[in-house]
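Some notes on the structure that comes next.
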2 protein chains.
Amino acid sequence: MTLSRVILGFLAVHPMTGYDLMRAFATSAAYFWHADKAQIYRTLAKLVAEGLAEIEIVPGTDAPDRVVHHITTHGRTALRTWLLAPPERPAPRDPFIARVFFAGELEDDEIIAMIDARTADAEAARDALSAVRAVTAHPDAGADRSSWLRSMTLDQGLREHEEHLRWLGALRSGIREGASA
Amino acid sequence: MTLSRVILGFLAVHPMTGYDLMRAFATSAAYFWHADKAQIYRTLAKLVAEGLAEIEIVPGTDAPDRVVHHITTHGRTALRTWLLAPPERPAPRDPFIARVFFAGELEDDEIIAMIDARTADAEAARDALSAVRAVTAHPDAGADRSSWLRSMTLDQGLREHEEHLRWLGALRSGIREGASA
DNA sequence: ATCCGCATGTAAGTGGTTACATGATTCG
DNA sequence: CGAATCATGTAACCACTTACATGCGGAT
């Protein structure tokens with residue numbers, strides 16, 4: 001459901017091919033939604049079948065044909081309905097936290113290694129977001145609301161990573177102190 | 001994969017029935033992993049088929065029979081292997097953030113309503129965790145590491161909710177200020 | 001009597017991942 | 001000449017959700 005609406009959201013801005021959407025998910029949407037290309041093509045076909053999008057074949061002169069998808073009026077209505085629907089929080093599912101929960105039997109250095117790997121991971125993710133943040137404009141809510149909202153979603157990802165890193169730090173010191181005590 | 005290992009983690013502490021696991025997921029595991037009962041029964045059957053768990057039928061005297069699952073030696077090895085495996089971060093998928101990303105066309109009060117609903121949701125989740133935190137002991141890392149680790153995972157959930165609420169506050173004021181400007 | 005908790009599962013459907021498959025163009 | 005990018009998709013599989021199905025015992 002959400003995937004189809006996110007795709008409609010992108011199509012509402014620009015008509016796009018499956019490939020264009022792949023790039024959109026790999027860049028602008030990467031920090032709040034992930035989608036595989038098999039899923040994207042499957043979902044585009046479904047949107048067309050439901051009348052929420054229409055295709056236009058743009059013949060490639062010296063490249064393969066592009067199947068450009070346009071949002072329909074029905075599609076815009078469906079998008080708005082989804083935006084106003086009651087929010088659902090996704091069920092938490094984080095394998096790392098699950099590991100920590102059951103890590104009691106591991107040696108200290110095994111747990112530390114686990115924490116360090118996760119820390120490197122979270123730092124990389126945070127740095128990737130910071131880099132995007134650095135190159136994009138930082139508008140205020142009054143001027144261009146759409147881009148302000150998009151920049152706020154980026155902020156959310158950054159804050160989440162920073163908080164997670166702080167927690168990982170506390171976890172690591174706890175193990176170190178427990179070991180020395 | 002993770003679900004089967006989390007189940008093994010629980011079975012490593014106590015032998016359990018599918019129903020016991022349902023309750024474990026609804027309480028102690030609720031803030032880091034969600035599992036439906038259909039999934040639990042299916043996964044238990046798979047663990048038995050793989051030789052990682054064994055069943056013992058405890059006839060119910062005045063209640064239905066209990067199918068108690070015990071972890072095997074193989075099961076303990078598999079659990080340890082999973083604990084030491086390289087961590088994978090779950091792909092981000094949060095419908096609410098996706099909605100904010102595309103919310104530019106909504107009216108101010110529609111966005112505010114959306115934020116307020118999410119805030120109520122996050123506050124409820126935070127309060128539920130605080131309540132658990134209040135009743136459980138708060139051991140230090142040196143004394144009982146297993147329970148300290150479990151309390152740290154709870155902390156992580158709490159911190160995440162608090163940070164999210166701070167961000168929702170910033171988002172709300174941004175909209176309000178933009179509207180008045 | 002009816003609902004809640006205990007206790008077990010199956011069936012059908014949706015959403016997501018991985019691997020397979022093809023072919024042109026552009027850059028080093 | 002080989003690798004990367006553009007561009008399209010299919011097939012099979014795994015994970016998760018929702019609805020269906022049954023039956024006992026205790027409380028209101």
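Here is how names work: the chains are called A, B, and so on, in the same order as the sequence lines, proteins then strands, and each is numbered from 1.
Side-chain contact, S130(A) with D127(A): no donor N or O sits under 3.5 Å from an acceptor N or O. A donor-acceptor pair shorter than 3.5 Å can be found between the side chains of H70(A) and E56(A).
As rounded to whole Å, 17 Å separates atom P of dT5(D) from atom CZ of R66(A). In this structure, the NE2 atom of H69(A) is 14 Å from the P atom of dA7(D), given to the nearest Å. R89(A) places its CZ atom 18 Å from the C1' atom of dT17(D), with the value rounded to the nearest Å. Look at CG on L47(A): it is 15 Å from P on dT14(C), rounded to the nearest Å. Distance, I55(B) CD1 to dG9(C) P: 8 Å, rounded to whole Å. Regarding E56(A), its CD atom lies at a distance of 12 Å from the P atom of dT8(D), rounded to whole Å. As rounded to whole Å, 17 Å separates atom C1' of dT17(D) from atom OH of Y41(B).
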Item checked: Candidate pair R145(B) and D108(A), rule salt bridge (Lys or Arg N to Asp or Glu O under 4.0 Å), full reasoning -> CA-CA 10 Å; R145(B) 194 163 61 175; D108(A) 282 339; 2.2 Å; yes
Next item on the list: Report the C-alpha distance between T119(B) and D116(B) in whole Å, list the side-chain angles of each, state the deciding distance to 0.1 Å, and finish with yes or no for side chain to side chain donor-acceptor pair (under 3.5 Å).
Entry: CA-CA 5 Å; T119(B) 301; D116(B) 289 348; 4.8 Å; no
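Screening L79(B), T43(B), L44(B) for a side chain to side chain contact (heavy atoms under 4.5 Å, CB included) involving S4(B) leaves a single residue, T43(B).
Across all strands shown, A38(B) has heavy atoms under 4.0 Å from base atoms, whether or not it also approaches the sugar-phosphate.
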Please produce a list of atom pairs where a protein N or O lies less than 3.5 Å from an N or O of nucleotides 13-16 of chain D.
unit_1  : atom_1 : unit_2 : atom_2 : d
dA15(D) : OP1    : M1(B)  : N      : 3.2
dC16(D) : OP2    : Q39(B) : NE2    : 2.9
dC16(D) : O5'    : Q39(B) : NE2    : 3.2
dC16(D) : O3'    : R93(A) : NH2    : 3.2
dC16(D) : N4     : R42(B) : NH2    : 3.4

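The side chain to side chain contact (heavy atoms under 4.5 Å, CB included) search around R76(B) returns A12(B), I71(B), not counting sequence neighbours. With sequence neighbours left out, the ring-ring contact (aromatic ring centres under 6.0 Å, His included) criterion links W167(A) to H164(A).
With R93(A) contributing its side chain and H34(B) its backbone, the two residues share a donor-acceptor pair below 3.5 Å.
Between R172(B) and E177(B) there is no salt bridge, since no side-chain N of the basic residue sits under 4.0 Å from a carboxylate O of the acidic one. We find that R159(B) and E162(B) are not joined by a salt bridge, their nearest charged nitrogen and carboxylate oxygen being 4.0 Å or further apart.
Map K37(A) and T2(A) each onto its nearest nucleotide of DNA chain C; the residue landing nearer the 5' end is T2(A).
Using a 4.0 Å cutoff on non-hydrogen atoms, the parts of residues 6-29 of chain A near DNA chain D are T17(A), G18(A), Y19(A), R23(A), ordered by number.
Residue pairs meeting the ring pair (Phe, Tyr, Trp, His ring centres under 6.0 Å) criterion with at least one partner in residues 86-123 of chain A, sequence neighbours excluded, are F101(A)-F32(B), F102(A)-F10(B).
Direction change of the helix axis from one end of the helix from dA1(C)-dT28(D) to dG28(C)-dC1(D) to the other is 30°, with five pairs defining each end axis (rounded to 10°).
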